[in-house]
J.: 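Can you keep this structure in mind? I'll have questions shortly.
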2 protein chains.
Amino acid sequence: MKTDFEHFKHELSLTKAEICRQLYVQHTDMIRIKKEHVAVKNLIRIIDSTLRLASTKGFHAMTLRDLCADSGFSIGGLYAYIRNKNDLLVLIQGHGFMLTRSTLRKSIRDISDPFERLRAAVSAHLFLSEIMLPWFYFSFMEVKSLPKAEMKTAIAVEQEIEDIFFDIIESGVRQGVFRSNNARLLASMIKAMMQDWYLKRRKHRNQSISVSQYADFIIDMLACSLKVSRS
Amino acid sequence: MKTDFEHFKHELSLTKAEICRQLYVQHTDMIRIKKEHVAVKNLIRIIDSTLRLASTKGFHAMTLRDLCADSGFSIGGLYAYIRNKNDLLVLIQGHGFMLTRSTLRKSIRDISDPFERLRAAVSAHLFLSEIMLPWFYFSFMEVKSLPKAEMKTAIAVEQEIEDIFFDIIESGVRQGVFRSNNARLLASMIKAMMQDWYLKRRKHRNQSISVSQYADFIIDMLACSLKVSRS
DNA sequence: GTCTATAGCATGATAGAC
DNA sequence: GTCTATCATGCTATAGAC
């Protein structure tokens, strides 16, 4: 039998190639390579290496020479795909956020019961971050290094995601299904617990906690905080 | 009337000078200055500047020239206090952790009731991070940049702090005061919520949430999760 | 004990061959 | 489209005057 997570993974069917193809189309201005299949193939290598290196030593500490050594590119070759180091940051950041937003919205679209909406949103966020772990870690750590404009959008998208949780709680309260005296703060806490999953992934792995267990635990905590009586 | 936070702040009476004096004594090997009062005075300037710069642009992006400009030192003068840039990292890191551990242990030392212990530990952690915000933010962000040995201790101390929460919960369960089916994960979540306070300080400021309100909210959530009946 | 001056080097970025 | 060779910059770290 398929677990929820496996089901989610299959539904999403998010191949690296697909993501990178979207990235390519969005950024034809900064990428000098014209043939899509060549560009996409190499973007995968570049982004993979960047995420790997940045998550161990940090983006700023990673030099383009490190990146070349890891990805097998030459400096010159790399510069056909980015105009400068910051482009790398923007390239990776923007896409991760877009994906989170759309996945989360889709996950609750067809559900009306407030508690089930909450469960769906929490699971979707956790499952997505599990699949795209390096992306999430990178996004969190590097917001502060973004150019001002990109930082503003990054913060706005994060707020928007928190608002998804907030709206679910609020509407549940209005319907009399939830009891909560501070929906705003509870939404914040949900976000914090989502973050803990990908920021402290190693700790949870050491304690042998699966993403499904983690999701269940959080949903139980929320049920209890919102005083939902459950079967 | 004094709030809990003001009371804590007064009890701690943690002056920058005292912290820096301890730092000086611990690191006489790397600091070339012999007169304590001179060294301490200048360490305050250096550490203040480092924390300020690192929390906006990140430690790696901060150059020693930035640091000199901000602290009013010359490059040569600075190098009397550190042997290299990494020393700065180690200097600041180690002390923050020591302080957290000792404060937390002290906060619960004279309390026996499990729920009150939990409340005390949560409050102490939040209040401390409120006072030492730049220190906490820096510690979290820069663990990955530490030399291997220092990283190991950093992770161990973090685990130790989580264990404080874990032990309180476990002993409460044994005494029949708490009901919990996963003390380990709950302790993890407490830690995550502690982190959210200092990592997302700006967000909470925008939403006009005080540290006392935040503490109360978390303690309520925990009471509910642990099924503590409260007056 | 603090400064100025500078060595020595690694980095991001470019030009041009293939 | 990718590579090698090279530039200019700006960094950490040191030496030595005051």
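Owing to the predicted nature of the structure, the values given are computational and were not obtained by experimental measurement. To find a chain, count down the sequence lines: A is the first, B the second, and so on, and within it residues start at 1.
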J.: Can you list, in residue-number order, the parts of residues 29-48 of chain B that come under 4.0 Å of DNA chain C, counting heavy atoms only?
T.: B/I33, B/K34, B/K35, B/V38, B/N42
J.: Can you tell me if NZ on A/K9 sees more than 12 non-hydrogen neighbours from other groups inside 6.0 Å?
T.: no
J.: Taking everything shown except B/D66 itself, do over 12 heavy atoms lie less than 6.0 Å from its CG?
T.: yes
J.: Give me the first and last nucleotide of DNA chain D, going 5' to 3', that has any atom under 4.0 Å from a heavy atom of chain A.
T.: D/dG1 to D/dT4
J.: Going by atom types alone, do A/S188 and B/K203 pair a side-chain donor with an acceptor below 3.5 Å?
T.: yes
J.: Assess the side chains of A/E142 and A/S145: does a donor N or O sit below 3.5 Å from an acceptor N or O?
T.: yes
J.: With no hydrogens and no angle check, is any side-chain donor or acceptor of A/Y81 less than 3.5 Å from a backbone partner on A/M30?
T.: no
J.: Round to the nearest Å and state the distance from A/D66 atom CG to C/dT11 atom P.
T.: 7 Å
J.: Answer with base, sugar-phosphate or nothing: what part of the nucleic acid does A/S74 contact at a heavy-atom distance below 4.0 Å?
T.: base
J.: For B/I75 and C/dA5, what is the distance between atoms CD1 and C1' respectively, to the nearest whole Å?
T.: 12 Å
J.: Specify the separation, in whole Å, of atom CG of A/L64 and atom P of C/dT14.
T.: 12 Å
J.: What is the separation between atom OH on B/Y79 and atom P on C/dA7, rounded to the nearest whole Å?
T.: 17 Å
J.: Taking atom P of C/dT4 as reference, at what distance in whole Å does atom CZ of B/F73 sit?
T.: 12 Å
J.: Any chance CZ of A/R184 has more than 12 other-residue heavy atoms, nucleotides or ligands included, within less than 6.0 Å?
T.: yes
J.: Walk me through whether B/E130 and B/F8 qualify under side-chain contact (heavy atoms from CB on, under 4.5 Å).
T.: CA-CA 11 Å; B/E130 179 68 0; B/F8 175 88; over 6 Å; no
J.: Regarding A/K191 and the six-membered ring of A/F166, is the cationic atom NZ or CZ under 6.0 Å from the ring centre and inside 45° of its axis?
T.: no
J.: Can you check whether B/T103 reaches B/K106 side chain to side chain, under 4.5 Å on heavy atoms?
T.: no
J.: For A/G76 and B/R65, take the nucleotide of DNA chain C holding the closest heavy atom to each; which residue's nucleotide lies nearer the 5' end?
T.: B/R65
J.: Could you state the OH-C1' distance from A/Y81 to C/dA13, rounded to the nearest angstrom?
T.: 18 Å
